[in-house]
2 protein chains.
Amino acid sequence: MTEQCSHSNIASCTLPSSEQVARLIDQATELCDKRNLRFTRLRRQVLELVCKADQPVGAYHLLDELRESGRSAAPPTVYRALDFLLEQGLVHRLATNNTYLACAHPQQPHAAIFLVCSQCGHTQEVHTGGVIDQLRRQAEQFDFAIEHASVELTGLCSRCRQ
Amino acid sequence: MTEQCSHSNIASCTLPSSEQVARLIDQATELCDKRNLRFTRLRRQVLELVCKADQPVGAYHLLDELRESGRSAAPPTVYRALDFLLEQGLVHRLATNNTYLACAHPQQPHAAIFLVCSQCGHTQEVHTGGVIDQLRRQAEQFDFAIEHASVELTGLCSRCRQ
DNA sequence: AAAATAATGTTATATTATAACATAACAAAC
DNA sequence: GTTTGTTATGTTATAATATAACATTATTTT
Ligand SMILES: [Zn+2]
Ligand SMILES: [Zn+2]
Ligand SMILES: [Zn+2]
Ligand SMILES: [Zn+2]
């Protein structure tokens with residue numbers, strides 16, 4: 001997991017510290033508890049793997065990691081866990097490259113946009129009310145009610161531009 | 001193809017008229033001519049199929065239609081044609097549902113956003129400089145240079161809301 | 001403890017897309 | 001107009017992503 005918080009952009013290319021991962025797992029535990037949902041060992045393990053990755057990861061990469069960890073796993077194993085995490089807003093899915101990444105702010109529901117580096121894969125989640133509001137206004141002009149906004153910007157990150 | 005022009009929103013749910021399809025084919029012919037590219041029979045046929053569809057279509061749907069038309073075709077047949085059309089800006093690809101639709105304004109390069117109805121599949125291409133400009137500004141704050149913006153809004157279209 | 005529910009295991013298969021190499025069509029050069 | 005190089009297409013196989021269907025296990029409720 002990269003530091004995806006738009007408020008601490010400077011550290012955005014550092015590797016995920018174990019503290020950051022632990023914090024997200026704690027938040028997830030609390031959140032599932034609050035919602036009376038089972039944060040099972042499998043779901044926790046998949047979230048950990050997604051958090052630890054320094055880039056969005058594919059489902060089959062997670063599957064390999066689950067297997068390496070000794071657990072018996074097949075595609076449905078990982079897809080079901082990912083579906084749960086997606087429903088709970090703990091991870092996001094990037095449609096442009098079929099990958100999954102941990103949400104940086106799972107506590108409150110939010111719309112986000114993603115900056116995906118086409119060179120190094122580094123991906124940053126940005127919470128920006130402004131863009132989403134403007135999209136909503138645009139959609140309203142067409143009498144269109146947005147249920148989900150997928151905004152994925154592909155390009156070069158600051159590091160790769162230098 | 002649906003009428004995707006943001007200037008004639010009212011007709012957005014009408015079926016594509018053969019004139020509209022013919023117009024887009026003409027534009028494509030002219031455009032390829034200008035660029036010294038070969039608008040072959042296959043490429044024309046695939047573009048026609050995409051244009052005639054009243055919704056974005058999947059690659060394998062196009063493949064079936066090619067075969068029904070009597071042509072020998074395999075997956076690479078359609079994907080290569082689609083790649084060409086994508087490169088030339090004649091069609092767009094929707095990442096959220098792996099479908100392809102004809103560009104409403106292939107003449108000038110542009111960034112577009114898509115309103116995808118989750119109920120009827122109707123999809124509208126909207127050209128809106130404002131949103132893209134704001135996205136670009138947001139990205140600049142992170143020293144990020146956008147190469148491609150994928151903005152796909154899923155929700156209910158006006159017809160399905162009633 | 002029994003019954004109901006939810007989660008996971010397991011096998012098979014669907015869907016989307018590309019690799020690799022052969023053939024054919026076309027364009028440029030001779 | 002034939003050779004030569006280039007581009008496009010045909011063809012077979014396979015990769016990558018995702019889901020269906022049903023059996024088993026774990027958890028919760030009664
Ligand atoms: Zn998030
Ligand atoms: Zn980068
Ligand atoms: Zn367009
Ligand atoms: Zn609709």
Side-chain angles (χ1 to χ4, degrees), chain A residues 28-29 32-33 35-50 53 55-67 69-88 90-101 121 150 152, chain B residues 28-29 32-33 35-50 53 55-88 90-101 116 121 150 152:
Chain A
T29 307
C32 290
D33 210 50
R35 296 177 186 166
N36 254 309
L37 298 170
R38 301 188 210 164
F39 194 45
T40 62
R41 186 167 148 267
L42 172 64
R43 291 165 175 175
R44 178 188 317 264
Q45 194 178 352
V46 170
L47 181 57
E48 276 172 0
L49 291 173
V50 174
Q55 285 183 11
V57 288
Y60 279 75
H61 179 75
L62 293 170
L63 180 54
D64 289 343
E65 293 190 310
L66 282 180
R67 282 170 169 164
S69 83
R71 172 186 273 278
S72 131
T77 310
V78 63
Y79 280 107
R80 286 192 286 226
L82 284 172
D83 285 345
F84 173 84
L85 299 171
L86 285 167
E87 280 167 13
Q88 299 313 316
L90 294 166
V91 308
H92 295 292
R93 177 176 188 274
L94 298 181
T96 46
N97 59 8
N98 306 313
T99 57
Y100 303 83
L101 76 167
S150 165
E152 304 175 18
Chain B
T29 307
C32 289
D33 210 50
R35 296 178 186 166
N36 254 309
L37 298 169
R38 300 189 211 163
F39 195 45
T40 63
R41 186 169 148 267
L42 172 64
R43 290 165 177 174
R44 179 187 318 262
Q45 195 178 352
V46 170
L47 181 57
E48 276 171 1
L49 291 172
V50 175
Q55 286 183 11
V57 288
Y60 279 75
H61 178 75
L62 294 170
L63 180 54
D64 289 342
E65 292 191 309
L66 283 180
R67 283 171 168 162
E68 282 166 16
S69 83
R71 172 185 274 278
S72 132
T77 310
V78 63
Y79 280 106
R80 286 193 285 225
L82 285 172
D83 285 345
F84 173 85
L85 298 171
L86 285 166
E87 280 167 13
Q88 299 311 316
L90 294 166
V91 307
H92 295 291
R93 176 176 188 274
L94 298 181
T96 45
N97 59 7
N98 305 313
T99 58
Y100 303 82
L101 76 167
V116 183
S150 165
E152 303 175 18

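These numbers were taken from a predicted model, which means no experiment stands behind them. Quick note on labels: first sequence line is chain A, next is B, and so on, each numbered from 1.
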*For B:Asn97, check side chain to side chain contact (heavy atoms under 4.5 Å, CB included) against everything at least two apart and list the hits.*
B:Leu94, B:Thr99, B:Val116
*Under the side chain to side chain contact (heavy atoms under 4.5 Å, CB included) rule, collect the residues that match up with B:Arg44, sequence neighbours excluded.*
B:Ile25, B:Thr29, B:Phe39, B:Glu48
_Going by the rule side chain to side chain contact (heavy atoms under 4.5 Å, CB included), which residues pair with A:Arg67 if we only count those two or more places apart in sequence or in a different chain?_
A:Leu63, A:Ala73
*Whole Å only: how far is the CG atom of B:Leu63 from the P atom of D:dT12?*
14 Å
*Rounded to whole angstrom units, what separation is found between the CG atom of B:Asn36 and the C1' atom of D:dT6?*
14 Å
*Would you indicate, yes or no, if C:dT8 has its OP1 or OP2 atom less than 4.0 angstrom from a side-chain nitrogen or oxygen of A:Ser72?*
no
*Does A:Thr77 have a side-chain nitrogen or oxygen under 4.0 Å from the phosphate oxygens OP1 or OP2 of C:dT10?*
no
*What does nucleotides 17-28 of chain C look like as a protein-contact string, B for base, S for sugar-phosphate only, - for none, at under 4.0 angstrom between heavy atoms?*
BBBB-----S--
*For A:Asn97 and D:dA16, give me the distance from atom CG to atom P, rounded to whole Å.*
15 Å
*How close or far is atom P of D:dT19 from atom CG of A:Leu86, stated in whole angstroms?*
10 Å
*Under the side chain to side chain donor-acceptor pair (under 3.5 Å) rule, collect the residues that match up with B:Arg93, sequence neighbours excluded.*
B:Asn98, B:Tyr100
*Could you tell me the separation between the CZ atom of B:Arg41 and the C1' atom of D:dT7, rounded to a whole number of Å?*
18 Å
*Check whether any side-chain heavy atom of B:Leu101 lies under 4.5 Å from a side-chain heavy atom of B:Val91, and answer yes or no.*
no
*Given side chains that start at C-beta, do those of B:Phe84 and B:Leu37 come closer than 4.5 Å, heavy atoms only?*
yes
*asked:* Applying a 4.0 Å non-hydrogen cut-off, can you work out what A:Arg71 is touching in the nucleic acid: base, sugar-phosphate, or nothing?
replied: sugar-phosphate
_Integer-rounded Å distance: C:dT8 C1' and A:Leu62 CG_ = 17 Å
*Sequence neighbours excluded, which residues qualify as side chain to side chain contact (heavy atoms under 4.5 Å, CB included) partners of B:Arg71?*
B:Arg41, B:Leu42, B:Gln45, B:Leu66, B:Ser69
*Atom CZ of A:Arg43 to atom P of C:dA6: distance rounded to whole Å?*
11 Å
*Atom-pair distance (CG on A:Asp64; C1' on D:dT17), nearest Å*: 13 Å
